[in-house]
Each structure stands twice: as structure tokens, then as C-alpha cells.
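Computed from a prediction, not measured in an experiment: that's the story for all the values here. Residue numbers start at 1 and run along the sequence shown.
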Amino acid sequence: MITVPPSFRAVPRWWHDDAGRGWLDDLPARVAARCAAWGLAVDGEPTHGSNALVVPVRRGDERLALRLAPPGDDVATEVRALRVWAGRGTVLLVDADEGEGATLLERLDGGRSLADEPLDAAIEVLAGLTRTLAVPAPDDAPSTAGIAAGLAESFPREWSALGEPLPARQLDVATALAAERAAAQTSSLAVDGDLHHAQVLAGTRAPWLVVDPVLWRGDPEADLARVLWTRLDELPTEAAVVVAFDAFVRAAGVPRERARAWVVLRATSYLLWGLTHGLTEDPVRCRRLLDVFA
């Protein structure tokens, strides 16, 4: 029986979630049952992110990872994304039981992510992965054009409800760019809508692979803002931010003005979302990006 890490139990999401705490208590038995069903043996100490437990396991000579997500997580959508990419730039899905919130994955090095690598090298890797992930996407995957259309409609309303937290000029720029991207013809290629340094782990099959991808289709640079804001504190000046932006654009081979539009859209969206949900640090970083690009 595995032991649930105390640090996982201390994650704030469980503080007011009785069902979630019950799931934590049941995890040792759930891991044992899943190991029995899939012929696995526990092969190390469990690790975790903000919501899922990951247990190193073996099946014969295969070194794998058993991931268990809590009730309410959309495991089916994650499984579908991993099946679409089929290991091309992402962790390889070996098996899944969506009803149990369980996935069996190739094992990556959970102790080494792009968040620990020099920023300039990490940005080159993320840009390269953006190209690798651009495989044909299902027609019903959320499109970046549709996402932009929703932002064009919601920005003014959320801005007003939050007491106008950014200058009206920046709101106007963001709303106009959202309308522009909503009307533009986009590609039918796959995009990861949650691409950032901590979501890319070192592997053996490939040097770096994406975990927990979110499947979209359309503009490949749609989440460039997150690439920047997750390590923005390492870019102390406006010039340094622009250098990092240009490095991604150049390595990913995407149009600079379109990339700028998505930085503005995603930074505005996350700033408004973050303020609505009581975040204090990321909205400040998003505001810095808007001051540079809007």
C-alpha cells in the first residue's frame, strides 16, 4: 500500500472539499486495485501536482507511471488529447480507465522539468514542441478562433464588473485583437492550450515531453503568453521580455503580429480570471505583458 504524501493532503483545493478528502483517504486502496487490474507493481514513492497523484510502477521490464485524478476532473478530455498526439511531443498514453480517473503513462523524470532549465534554452524547446504538436486535430476540438470570439464578447463585461482594472486603451486593444483572431481563418492543426515550462518533463524516448496537454486547434502560438508569464520574474526589463518573445517567434516559425495578438489576449484573459479568483501574483505579471505588447 502506498502512502499519500502529506504535501498532497496539504494542497489548498482539499481544504473545503469533503469528497476530495475522502478520495485522498481511499487512494492507497485505489492504487492497489488499479495495480492488480493492470498487472503493475509499485516502483517508488508517489509524487503529485496540484490535483493528481502519480505513482511510479513497473509492468515486467516496462517503467511506467500510474496517474490518478480526483472525481470531477475531466480525464476523458485529457485521454482524448493524448490519443490524438499519440506520443508526438507528449507523454505516451499506455492505458486508461476514465471512470476511475486512472491513466497509465510512460514514465518521465518528474524531478526535471523545463522550469529548471536556463530560460533561453527552455523557450527554444517550447517553440520546438509547438511545431511538433502541430498534427492534424479533430474537427470538433475547440478552435482558437472560437476561443477568441468568446474573449471578444467577455472582455468588456468582465472589465466593468471588476472595476476597470486596466486602462481602457488596453481593453480596447485586447477586444479588437480578439475580434480579429475570431474572424481570421485558422489552421486545422493541433495546439496545446496549456503549454508552459512546468508541464514539460525530461524523458528517455525524447529529451522533453509535454504532460497534461489541452487539445485545441488553430493558431499554434495561442499560449505564448503563459510561456512568458510563468517565468516573467526572470525578465526584469521590457527589452528582456521582447527578446524572449522574439526568440519563441523565431524558433516556432509563427507570425510576429499574430503572436503578439495572442499574448495580449491570453494575458488579458488570465488577468481578469485571476482577479476574479483572488490571485495576487499572476495578474501583476499579466499586466506587465500588456504594458509591453498592448
Side-chain angles (χ1 to χ4, degrees), residues 1-15 17-113 133 138 140-142 190 192-196 198-206 209-216:
M1 298 285 275
I2 61 101
T3 299
V4 178
S7 56
F8 193 33
R9 291 185 178 276
V11 171
R13 69 165 289 168
W14 314 120
W15 292 355
D17 182 356
D18 291 340
R21 291 196 298 273
W23 175 79
L24 290 173
D25 293 338
D26 289 343
L27 269 176
R30 289 178 179 273
V31 170
R34 189 45 42 194
C35 285
W38 282 339
L40 309 172
V42 175
D43 190 40
E45 295 299 317
T47 60
H48 65 88
S50 59
N51 69 329
L53 187 79
V54 179
V55 183
V57 293
R58 282 185 181 271
R59 183 162 63 187
D61 293 333
E62 286 184 288
R63 299 171 70 249
L64 303 168
L66 173 62
R67 183 182 187 273
L68 286 145
D73 272 32
D74 190 0
V75 175
T77 296
E78 176 188 342
V79 166
R80 185 190 191 212
L82 291 175
R83 285 177 174 153
V84 167
W85 273 301
R88 294 165 291 188
T90 68
V91 64
L92 189 64
L93 177 70
V94 178
D95 209 339
D97 185 326
E98 297 168 14
E100 289 294 321
T103 49
L104 186 62
L105 308 165
E106 72 174 298
R107 194 185 309 180
L108 305 181
D109 184 350
R112 186 179 170 214
S113 77
L133 294 171
D140 61 347
D192 181 7
D194 188 20
L195 183 67
H196 61 89
Q199 296 281 66
V200 181
L201 303 182
T204 53
R205 180 173 56 86
L209 292 165
V210 174
V211 298
D212 298 338
V214 174
L215 177 62
W216 293 350

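Annotation: side chain of Val200 is not in contact with side chain of Leu209 (no heavy-atom distance under 4.5 Å). Annotation: side chain of Pro28 is not in contact with side chain of Thr3 (no heavy-atom distance under 4.5 Å). No side-chain heavy atom of Val79 sits under 4.5 Å from any side-chain heavy atom of Thr77. Side-chain contact between Leu40 and Arg58: absent, with no pair of heavy atoms (C-beta onward) separated by less than 4.5 Å. Within the 4.5 Å cutoff, the side chain of Thr90 has no heavy atoms near those of the Val211 side chain. Thr47 is not listed as a side-chain neighbour of Pro5, based on a closest heavy-atom distance of 4.5 Å or more. Residues Cys35 and Val57 have side chains in contact (heavy-atom distance under 4.5 Å, counting atoms from C-beta outward). The shortest side-chain heavy-atom distance between Asn51 and Pro70 falls under the 4.5 Å cut-off.
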task: Carefully, step by step, assess Ser50 and Arg13 under the rule side chain to side chain contact (heavy atoms under 4.5 Å, CB included).
output: CA-CA 8 Å; Ser50 59; Arg13 69 165 289 168; 5.9 Å; no
Audit row: Val91, Val210, side chain to side chain contact (heavy atoms under 4.5 Å, CB included) steps and yes/no: CA-CA 6 Å; Val91 64; Val210 174; over 6 Å; no
message: Between Leu68 and Leu66, is the side chain to side chain contact (heavy atoms under 4.5 Å, CB included) condition met? List the steps.
response: CA-CA 7 Å; Leu68 286 145; Leu66 173 62; 4.2 Å; yes
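Between Met1 and Ala29, the closest heavy-atom pair is CE-N, 3.8 Å. Looking at every heavy atom in both residues, Leu27 comes nearest to Phe8 through CD1-CE2, 4.0 Å. Between Ala81 and Pro213, the shortest heavy-atom contact is CB-O, 4.0 Å. Across all non-hydrogen atoms, the minimal contact from Ala190 to Leu215 is CB-CD1, 3.8 Å. Smallest separation of non-hydrogen atoms from Trp38 and Thr103: CZ3-C, 4.2 Å. Closest of all the heavy-atom pairs between Val11 and Gly49 is CG2-O, 4.4 Å.
Checked by atom type and distance alone, the side chain of Trp85 pairs as donor or acceptor with a backbone atom of Leu133 at under 3.5 Å. A distance-only check finds no donor-acceptor pair linking the side chain of Asp73 to the backbone of Val75 [under 3.5 Å]. Within the 3.5 Å criterion, the main-chain N or O of Ala19 finds no donor-acceptor partner in the side chain of Trp14. Distance alone, capped at 3.5 Å, places no donor-acceptor pair between the Glu78 side chain and the Asp212 backbone. A donor-acceptor contact shorter than 3.5 Å is absent between the side chain of Arg112 and the backbone of Asp109. The backbone N or O of Pro56 sits nowhere less than 3.5 Å from a side-chain atom of Arg63 that would complete a donor-acceptor pair.
Atoms CG and CG, from Leu24 and Leu53 in turn, are 8.5 Å apart once rounded to the nearest 0.5 Å. Atom CD of Glu106 is separated from atom CG of Leu64 by 9.0 Å, given to the nearest 0.5 angstrom. Asp43 contributes atom CG, which lies 13.5 Å from atom CZ of Arg59 (distance to the nearest 0.5 angstrom). Atom CG of residue Asp74 and atom CD of residue Glu98 lie 9.0 Å apart, to the nearest 0.5 angstrom.
Between Asp140 and Arg80 there is a salt bridge, since a side-chain N of the basic residue sits under 4.0 Å from a carboxylate O of the acidic one.
Side chain to side chain, Asp192 and Trp216 fail the donor-acceptor criterion of an N or O pair below 3.5 Å.
Considering Arg67, Arg30, Arg34 in turn, Arg30 is the only one that fulfils the salt bridge (Lys or Arg N to Asp or Glu O under 4.0 Å) rule with Glu100.
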